[in-house]
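Notes to accompany the following structure.
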Number of protein chains: 2
Amino acid sequence: MAGSELTNLKSPRVKAARRLTKRAFRDQDRKFLAEGPQAVREALKLDGVTLELFTTAEAELRHPELVTEATLQGVPVHRASGEVLAELSQTVTPQGLLAVCRLVHVPLEEAVPATPRLVAVLAHVRDPGNAGTVMRAADAAGADAVVFTDASVDPYNGKCVRASAGSLFHLPVVIGTPAAVAARHLRERGLRVLAADGAGKHTLDDVDLSGPTAWIFGNEAWGLPEEVLAEADDVVRVPIYGQAESLNLATAAAVCLYSSARSQRVP
Amino acid sequence: MAGSELTNLKSPRVKAARRLTKRAFRDQDRKFLAEGPQAVREALKLDGVTLELFTTAEAELRHPELVTEATLQGVPVHRASGEVLAELSQTVTPQGLLAVCRLVHVPLEEAVPATPRLVAVLAHVRDPGNAGTVMRAADAAGADAVVFTDASVDPYNGKCVRASAGSLFHLPVVIGTPAAVAARHLRERGLRVLAADGAGKHTLDDVDLSGPTAWIFGNEAWGLPEEVLAEADDVVRVPIYGQAESLNLATAAAVCLYSSARSQRVP
């Protein structure tokens, strides 16, 4: 434990972490915040990702293994008051554990393996909760990588990190690639590029999903722009069997990703 | 338009609607609030469901068809100030349209048709956003009904109504049935009762989903209690192909419901 309990909300250490709740400062400092035991655990599984750990005395008693692991890795552990954790937290009920991490994204070329099977592209996805949930679903479906295009939300947004439930640390994440560039690159790597859109001619029921596939998911309200649809090999919609107008974006993405994952595995 | 613009937050009419943001008063008055053009549109498609409509002058210009439809149905339309709508709204960005509706749920016996194919049961689901998203997915997947057990969130909760995106008005909804009672009733109606649980022996990949199925979904954090698992014909998990620990509840539910819907339709 480095020094005594941090209680001053205005201390330089707290202020340096607090500013990471803003995207501009995350970009500038090349760091972000991962909150809660699950995120901290997953961050600590990666070498050199966790830079600092803030913890309350109470959280330390609940998760001694995380504090031990951080200490073993030489990560500075700051015991802080509940008030300090609340100041750094972006949740209603702060969990008493928060890691400052280095950004983990990688270039597109590096993220996609030589023979990829499944990649998720988030184009113009603006809701951080949706984006995080799609990352989690992509991870669960065994995707090779997740690409956030230049017009999408920041994956390091607190809500996105939280909704990803650790998946941000599990699979290669790419940021800032224009959708059309991503589509072309993924096609060159042997993936069939499918745009998920309610206006698609085909449905999941009438496309063969057993081959390597990249899915592009669009904006919550207005779907995918023309130029992205034009880059896709096919535009596919989730069939609506009832009266709903559409599916929630994260739900639709999960259905598409799992349809691919299962078609690739189940004969 | 009944009278002049409502501006007084303390007027009896506003207070009578405002109290419907609380479950106890919804139960007592047998009414709930449906906010936004999509919810209002779907409510107006059902006979006698919409009891009152609050609208701002601006929303009226944007959605004249909804005001016309309400008027044709003899629904009192109250033009109100943005402040009044904000007072009644439970969203950060009120949409200027809000209907007071009568409760729409039906008894279990009535909700389930003679030869049902797909039913979703929400047992101990506590997050209203998740519950609404599951309702929407169930609707999209062509489910016959959605059952909220006695330990689940209130489907008339504002967040749940909003997340359902109109689906609350599309398919029969049952509330307050104990999970075990629902399971037995659904089995008697010829449905195979599957509990969705991360601890399931079988995965979606190794169960035959082509027959009539009822899915039971559990709590976000701790899944389904033993007594509910014991009532199920089988406990099934969504396979995790990557490193994610689990899926978000609504995402998992959508994957299960669509797996059933597609197995029932695609040869």
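Numbers restart at 1 for each chain; the letters A, B, ... are given by sequence-line order, proteins then strands.
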Verdict with reasoning, B:T251 to A:T251, per side chain to side chain contact (heavy atoms under 4.5 Å, CB included) | CA-CA 5 Å; B:T251 308; A:T251 308; 5.6 Å; no
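At a heavy-atom cut-off of under 4.5 Å, chain B is reached by A:P239, A:I240, A:Y241, A:G242, A:Q243, A:A244, A:E245, A:S246 from residues 239-246 of chain A, listed in order of number.
Surrounding CG of A:D206 are more than 12 heavy atoms belonging to other residues, nucleotides or ligands, all under 6.0 Å away. Around the CD atom of A:Q90, the shell of radius 6.0 Å holds more than 12 heavy atoms that belong to other residues, nucleotides or ligands.
Minimum heavy-atom separation, B:A137 to A:L247: CA-CD2, 3.8 Å.
Contact of A:L204 with chain B is made through backbone and side chain together, with heavy-atom distances under 4.5 Å.
Residue B:T203 holds its OG1 atom at 7.0 Å from CZ of A:R262, rounded to the nearest 0.5 Å.
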